[in-house]
Undergrad: 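Quick one: structure below, then a few questions.
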Amino acid sequence: MGTTEKLRRITMTPAALRILDAAARLFYERGIHAVGVDLIAAEAGVTKKTLYDRFGSKEQIVVEYLADRDERWRAFLAQRLDAARPAPLARVLAVFDAALTWSQENSPKGCGMVNAHAEISDASHPAYPIIIGQKEWMLALFTDLARDIDADQADQLGRTLMLLHEGALVAHGLNIFSDPTSHAREQAQVLLAAAGNNRYPRPPGEHLPGP
């Protein structure tokens, strides 16, 4: 599922927003399973009854947390993709630039969706489609962007770009080496430059210069 439009969502009241803000911070910092509703209610300054009146269950809070995070990422990325028009390569690289800024500002411990999937692997969980849906959407986005560079290799390029992007997010969270997203961006640029050159085969008998 590429969007969260079919998910059950709640109407946000001021109290619900305070609960969601507290839950989002706690879920990301400590993990979804490690955080209970008592702590969320206390951090939000509401009673547990208010929490259940607004959300109904902890699962629904998780749904709202991940859906909100997904929506904010897509809006954040859309602005940068629009600013990079019309050059196809610039639009691909804009995804990596956006990921770098987003990670620095919102994801010091890595991708929230990847982290959530480590705890929610049951497809029956109501938040599971949000996690998978975002990654399916990212793959489709990379494939569409790659199609403007080399339509014949769009599927393969899209998957490779996805691997570079997701690998950078995980490496950022693990903090094994510095600036993995910039490294992934450089590799994406090399990959797409080669793909762009391959779109225009040389005439028979023409060879690259060399010894």
Side-chain angles (χ1 to χ4, degrees), residues 1-46 48 50-81 95-96 98-142 162-163 165-175 181:
M1 184 168 63
T3 70
T4 59
E5 294 174 355
K6 295 182 180 179
L7 292 169
R8 185 176 77 82
R9 303 292 301 277
I10 69 165
T11 300
M12 287 291 166
T13 64
L17 286 171
R18 291 200 306 275
I19 294 166
L20 182 58
D21 287 344
R25 175 174 51 80
L26 292 166
F27 286 155
Y28 186 79
E29 290 177 355
R30 305 188 188 187
I32 292 169
H33 292 332
V35 174
V37 293
D38 288 320
L39 179 58
I40 295 171
E43 290 286 319
V46 301
K48 193 159 69 169
T50 297
L51 182 149
Y52 280 114
D53 285 345
R54 298 296 181 272
F55 290 88
S57 67
K58 179 183 173 181
E59 284 188 340
Q60 189 62 36
I61 302 176
V62 176
V63 166
E64 300 296 337
Y65 156 59
L66 292 175
D68 176 71
R69 192 174 178 93
D70 181 40
E71 290 165 357
R72 288 189 294 109
W73 160 245
R74 296 192 196 202
F76 182 87
L77 178 55
Q79 291 179 346
R80 283 146 183 82
L81 286 172
V95 179
F96 290 89
L100 176 60
T101 303
W102 177 271
S103 295
Q104 292 170 338
E105 295 178 356
N106 301 282
S107 303
K109 299 179 70 174
C111 174
M113 296 296 166
V114 171
N115 295 348
H117 187 264
E119 299 191 76
I120 302 172
S121 57
D122 182 358
S124 68
H125 192 289
Y128 186 83
I130 304 170
I131 301 168
I132 300 303
Q134 187 192 87
K135 300 309 180 183
E136 290 175 341
W137 181 79
M138 288 300 300
L139 176 59
L141 172 65
F142 277 125
M162 175 79 168
L163 289 173
H165 180 264
E166 296 302 310
L169 297 181
V170 172
H172 171 78
L174 293 173
N175 197 29
T181 306

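Numbering of residues begins at 1 and proceeds along the displayed sequence.
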Undergrad: Please check if the side chain of H172 supplies one atom and the backbone of T181 the other of a donor-acceptor pair under 3.5 Å.
TA: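 No; zero donor-acceptor contacts below 3.5 Å.
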Undergrad: Identify the two heavy atoms, one from G133 and one from R74, that lie closest to each other, and give their separation to 0.1 Å.
TA: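 For G133 versus R74, the nearest heavy atoms are O-NH2, 3.9 Å.
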Undergrad: Please confirm whether R80 makes a cation-pi placement over F76, using NZ or CZ under 6.0 Å from the six-membered ring centre and within 45° of the ring normal.
TA: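 Here R80 passes the 6.0 Å and 45° test against F76.
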Undergrad: Between Y28 and R69, is there a cation-pi geometry (under 6.0 Å to ring centre, at most 45° from the normal)?
TA: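 Yes, a cation-pi geometry holds between R69 and Y28.
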Undergrad: Whether the side chain of K58 engages the backbone of G36 through a donor-acceptor N/O pair (distance < 3.5 Å, no angle test) should be reported.
TA: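 No.
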Undergrad: Do Q60 side-chain atoms and F55 backbone N/O form a donor-acceptor pair below 3.5 Å?
TA: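 Looks like no, no N/O pair under 3.5 Å.
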Undergrad: If you round to the nearest 0.5 Å, how far is CE of M138 from CE of M162?
TA: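 Spacing of CE (M162) from CE (M138) equals 6.5 Å.
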Undergrad: Is a salt bridge present between E64 and R54, judged by a nitrogen-to-oxygen distance below 4.0 Å?
TA: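 The answer is no: the pair does not qualify as a salt bridge.
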Undergrad: Taking the six-membered ring for Trp, are W102 and W73 parallel (under 30°), tilted (30 to 60°) or perpendicular (over 60°)?
TA: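 If you compare the ring of W102 with that of W73, the planes turn out perpendicular.
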Undergrad: Between A99 and L169, what is the shortest heavy-atom contact and its length?
TA: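 Nearest pair, atom of A99 first, then L169: CB-CD2, 4.4 Å.
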Undergrad: Hey, does the side chain of K135 reach the backbone of M113 with a donor-acceptor pair shorter than 3.5 angstrom?
TA: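 Flag not set: sc K135 to bb M113 has no pair under 3.5 Å.
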Undergrad: May I ask you to decide if the ring planes of F96 and H165 are parallel, tilted or perpendicular, using 30° and 60° as cut-offs?
TA: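 The arrangement is perpendicular - the two ring planes meet at more than 60°.
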Undergrad: Run the side-chain contact (heavy atoms from CB on, under 4.5 Å) test on R72 and N106 for me, step by step, so that the C-alpha distance in whole Å, both residues' side-chain angles and the decisive distance to 0.1 Å come before the verdict.
TA: CA-CA 10 Å; R72 288 189 294 109; N106 301 282; 4.0 Å; yes
Undergrad: Using a 3.5 Å distance criterion without hydrogens, assess whether the side chain of Q134 forms a donor-acceptor pair with backbone atoms of D70.
TA: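 Flag not set: sc Q134 to bb D70 has no pair under 3.5 Å.
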Undergrad: Does CZ belonging to R30 count more than 12 external heavy atoms closer than 6.0 Å?
TA: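 Incorrect, the count does not exceed 12.
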Undergrad: For F27, which of L66, N115, I40 qualifies under side-chain contact (heavy atoms from CB on, under 4.5 Å)?
TA: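 So the option named by the test is I40.
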Undergrad: Please walk me through it: do R25 and D21 pass salt bridge (Lys or Arg N to Asp or Glu O under 4.0 Å)?
TA: CA-CA 6 Å; R25 175 174 51 80; D21 287 344; over 6 Å; no
